[in-house]
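Counting starts at 1 for both ligands and their atoms, in listed order.
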Amino acid sequence: MTPLFDDHPAPSSREPLEDGAVLLRGFAEAQSSVLVEEADRVARSAPFRHMITPGGYTMSVAMTNCGRVGWVSDSRGYRYDPLDPQSSQPWPSMPHAFLDLAAGAAAAGGFASYDPDACLINRYAAGAKLSLHQDRDENDRWAPIVSVSLGLPAVFLWGGKRRSDPVRRLTLESGDVVVWGGPARFVYHGVAPLKAGDHLLTGPTRINLTFRKVY
Ligand code: MD3
Ligand code: FE
């Protein structure tokens with residue numbers, strides 16, 4: 001007999017990636033539609049935009065933020081700004097569903113009482129990519145970055161503490177969460193060009209939430 005409903009969904013698994021980094025497959029699956037709705041709500045006040053790198057390139061990933069501060073890039077450099085430079089208004093506040101998810105994932109990754117200041121929301125369309133980089137604009141050098149993948153899958157590139165270290169590839173799917181903190185906080189990472197597709201939650205895109213402790 002085939003059950004009509006799957007009342008025992010696959011539990012999320014916990015895979016250590018390296019010291020300080022853990023992959024929680026499916027951790028955000030049950031909340032994923034709420035998370036996408038909340039991201040849409042943030043983007044109605046602070047629209048997705050393609051930021052300019054200090055080197056003058058337009059990023060292929062579209063970005064917005066919520067929380068006390070937001071990550072911005074322009075010709076002057078990278079920084080966290082309490083105001084959206086496009087509107088001169090504060091960024092939308094962090095949705096409770098975002099905070100709950102991020103704190104729960106951080107705890108599952110071994111980082112108690114996580115209280116992120118910022119959530120950078122990245123939107124990838126087909127072909128969009130993120131070159132190998134480190135996230136080093138945050139003052140808290142130990143607190144984790146919590147990353148939540150929603151919608152189309154992406155190939156995540158993940159190296160070591162030096163740019164020249166070998167790069168591993170990991171496919172991240174909708175609902176997957178990765179916690180990167182402590183000794184794994186400054187590894188080089190990026191995202192390979194997104195493959196075209198169509199996802200029930202996000203259509204032709206992938207949305208990634210990255211939570212950050214800035215101060
Ligand atoms: C490992 N975002 O926003 S998430 C970024 O999928 C960023 O949109 C990617 O890199 C994305 O800066 C990757 C996974 C991730 C994020 C931050 C990290 C991994 C990390 C910071 C340190 C180490
Ligand atoms: Fe990053």
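Scanning the protein heavy atoms around atom 6 (O) of ligand 1, the nearest turns out to be Arg206 NH1, 2.8 Å. Protein heavy atom nearest atom 21 (C) of ligand 1, with residue, atom name and distance: His189 CE1, 3.3 Å. Atom 7 (C) of ligand 1 has as its closest protein heavy atom Leu130 CD2, 3.4 Å. Counting only heavy atoms of the protein, atom 4 (S) of ligand 1 lies nearest to Ser147 OG, 3.3 Å. Shortest contact from atom 19 (C) of ligand 1 to any protein heavy atom: Trp180 NE1, 3.1 Å. The protein heavy atom nearest to atom 22 (C) of ligand 1 is Arg185 O, 3.1 Å.
Under the 4.0 angstrom criterion for non-hydrogen atoms, Gln134 is not in contact with ligand 1. The closest approach between Arg212 and ligand 1 falls below 4.0 Å for a heavy atom of the residue. The closest approach between any non-hydrogen atom of His133 and ligand 1 is below 4.0 Å. The closest approach between a heavy atom of Ala184 and any atom of ligand 1 is below 4.0 Å. Within the 4.0 Å heavy-atom cutoff, Tyr124 counts among the residues contacting ligand 1. Heavy atoms of Trp158 stay at 4.0 angstrom or farther from ligand 1. Residue contacts with ligand 1: Val178 is excluded, as none of its non-hydrogen atoms falls under 4.0 Å.
Stacking of Arg169 on the aromatic ring of Phe156 is not recorded, the 6.0 Å distance cut-off and the 45° axial limit not both being met. Cation-pi check for Arg163 over Tyr188 is not met; the charged atom does not lie both under 6.0 angstrom from the ring centroid and within 45 degrees of its normal.
One finds a salt bridge joining Lys213 and Asp117 here, because a Lys/Arg side-chain nitrogen approaches an Asp/Glu carboxylate oxygen to under 4.0 Å. Using a cutoff of 4.0 Å between basic side-chain nitrogens and carboxylate oxygens, Arg123 and Asp40 are not scored as salt-bridged. A salt bridge does not link Asp81 to Arg68: none of the charged side-chain nitrogens sits closer than 4.0 Å to a carboxylate oxygen.
The closest side-chain donor-acceptor pair between Trp71 and Asn65, if any, does not fall under 3.5 angstrom. Using modelled atom types and a 3.5 Å distance limit, the side chains of Tyr215 and Glu138 yield no donor-acceptor pair.
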*asked:* Applying side chain to side chain donor-acceptor pair (under 3.5 Å) to Thr210 and Asn122, what does each step give before you reach the verdict?
replied: CA-CA 8 Å; Thr210 52; Asn122 294 332; 4.8 Å; no
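Counting the atoms of ligand 1 from 1 in the order shown, those under 4.0 Å from a heavy atom of Val191 are 6 (O), 9 (C), 11 (C).
Contacts between Phe156 and ligand 1, counted as non-hydrogen atom pairs separated by less than 4.0 Å, involve the side chain only.
Rounded to 10°, the angle that NE2 of His189 and NE2 of His133 form at the Fe ion (ligand 2) is 90°.
When atom types are taken as modelled, the side chain of Tyr114 and the backbone of Gly104 share no donor-acceptor pair closer than 3.5 angstrom.
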